[in-house]
Amino acid sequence: MHLRPLAAFLALGVLLGLLASAGAASPPPVAGEDGMVASVHALATRVGNDILRRGGNAVDAAVAVGYTLAVVYPAAGNLGGGGFMTIRFADGRTTFLDFREKAPLAATAGMFLDRAGNVMPKAGLLGYRAVAVPGSVAGLDLALRKYGSMSRRQVMAPAIALAEKGFKLDEADAAGLNEAAADFRKDPPSAAIFLNHGRPYRRGDILVQTDLAKVLRRIARQGADGFYRGPIAERIVAASRANGGLLSKADFAQYAVREMRPITCSYKGYVLYSAPPPSSGGVALCEMLNILDPYPLKDWGFNSAKTIHYMVEAMRHAYVDRNDDIGDPDFIENPVGRLLDKGYAAAIRAHIDPDKAGNSRDIGPGTPPHEGSETTHYSVVDKAGNAVAVTYSLNNFFGARVTPAGTGILLNDTMDDFSEKPGVPNIFGLVQGKADVIAPHKTPLSSMSPTVVTKDGKLVMVLGSAGGARIITIVLQTFLDVVDYGMTVQEAVDAPRFHHQWKPDKIFVEPFAISADTRAALERMGYTVTQQSPWGDAVAILLGGPALGKTVSGYCCFAGVDDRRAARY
Ligand code: DON
């Protein structure tokens, strides 16, 4: 769906027009005084900020925002999907909650292949077979119980009210819903909620979600059991059974959140904490930063041919490993130590020809040194200095585009993140390997990368993005734009991006990312450059000032929120 950062900014309360010296293209980042929430939807941002103002901590606010986005941003906010939460406490401790979806117990490696062994188009994307066991409610509930300070009723009340009384749709809300209208029409319970008496919603209409409000009330009373045991799980299972899906009551009863240590690495004195497997995000981000660390990117210049060349080669190598080696840690041995070894980064650097593009045909799993839409991110910092980064998702916009009757819950299509057939690209063009084949109760490989950055033990940044396979390079570029190029956090979020993911062997560039002569220089080196519409939804909070080293007293933090999608309407 589409963002409206201006509205999101207004919901933050303080506009700092006078303080920031933004570049020509970007508005100044928004400032927060005692803490800050940054999300893609103004109503969710406001709910989170209210929780902070009422004395809640960053986890309370993050849980409240998670439930609110499920109501006001149904394209990606969810109860029927899953995600990750990276937490850094004010005292320096860190933790990571994996509440991503799991394959149903009845899932099999070949479940999306036809008799001839070919992948059935869209089978993993639309309808109940595409649905993996949701984790969001278990994740939000565990986070609140373990690390929050408020009651479930307190943090869930705003989401319940928005679902029950409804909220006014703005242009972006309506446009997002209408993108999926044709699929909603095929699923009567979805149509009853997300179409307006069979017709598309328009700006100014009120979206009421009575069934969802009831489900939220039940969760507020009973916690995760209200979702995973009893009538809600039963309704989801019944709808799944009736429509060719594989979900069972045992899938719901057995779902459990995993708490893990974040992946960590350092870059030019900054320490990053990001998502471990089953996400590839932290590993790939850190592998790229390890490769890039010694290079003077700042001197080479923002998006110069030389900078892009070295960054693209880092991306190419990191995505080989990401696509082939990483998977659910309960099922495979993830070679994290090897991939994040500084010596390994040096070996990759040695393979980069200063004058010539690498070639994805020549590198891949087994060649030395390698061994054999829609999502949403939000960031929270509270006045004590606790930081929470959450990325959660239904996978594509509105997930599998099915809603079990009587629940109001849109279900994910995250089964498509599995390697449905090793070597065949998924919706994001990712060519993944055996580490990510489907197995019962396995979690599919993810690119989601909720990330916290510190320096000298102090919190510096909290960031993440949507964008499928590109999430990792979006987070990389947003971080580097702040750290190496001195951009404000909003400029870094706005800066035009490029992306390479090993296969296809192309540099994708956003409009205006590179000049004609930079493109020509890259092509002379052997690159294929393809321009595409803007991608991603980055959301970042920078501590202390609008840009590094520009501290502003009286304000704790500054936010940059992505406007790319709104700009297309
Ligand atoms: O976990 C993942 O990597 C994907 N399910 C993320 C999907 C996504 O970001 C779609 N949004 N653009």
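First listed ligand is number 1; within each ligand, the first listed atom is number 1.
Residue Ser446 places at least one N or O, backbone or side chain, under 3.5 Å from an N or O of ligand 1. Every N/O-N/O distance between Ile471 and ligand 1 stays at or above 3.5 Å. Of the N or O atoms in Gly468, one or more lie within a sub-3.5 Å distance of an N or O in ligand 1. Looking at Asn396 next to ligand 1, no N or O pair under 3.5 Å apart turns up.
Between the side chain of Asp328 and the backbone N or O of Pro278 there is no donor-acceptor pair closer than 3.5 Å.
Partner of Arg401 under the salt bridge (charged side-chain N to carboxylate O under 4.0 Å, His left out) criterion, out of Asp413, Asp187, Asp183: Asp183 alone. For the salt bridge (charged side-chain N to carboxylate O under 4.0 Å, His left out) test with Asp330, the passing option among Lys442, Arg100, Arg258 is Arg258; the others fail.
Residue pairs that meet the side chain to side chain donor-acceptor pair (under 3.5 Å) test with at least one member in residues 274-290, sequence neighbours left out, are Ser274-Thr451, Ser280-Arg322, Asn290-Lys342. Residues in residues 495-508 take part in these salt bridge (charged side-chain N to carboxylate O under 4.0 Å, His left out) pairs, two or more places apart or across chains: Arg316-Asp505, Arg497-Asp562.
At least one heavy atom of Arg100 sits closer than 4.0 Å to an atom of ligand 1. The shortest separation from a heavy atom of Phe428 to ligand 1 is under 4.0 Å, placing the residue in contact.
The contact set between ligand 1 and Ser447, taken as ligand atoms under 4.0 Å from a residue heavy atom, comprises 1 (O), 2 (C), 3 (O).
Relative orientation of the Tyr267 and Phe479 rings is perpendicular, given thresholds of 30° and 60° on the angle between their planes.
The option with the heavy atom closest to atom 8 (C) of ligand 1, from among Thr443, Leu430, Thr375, Asp537, is Thr375.
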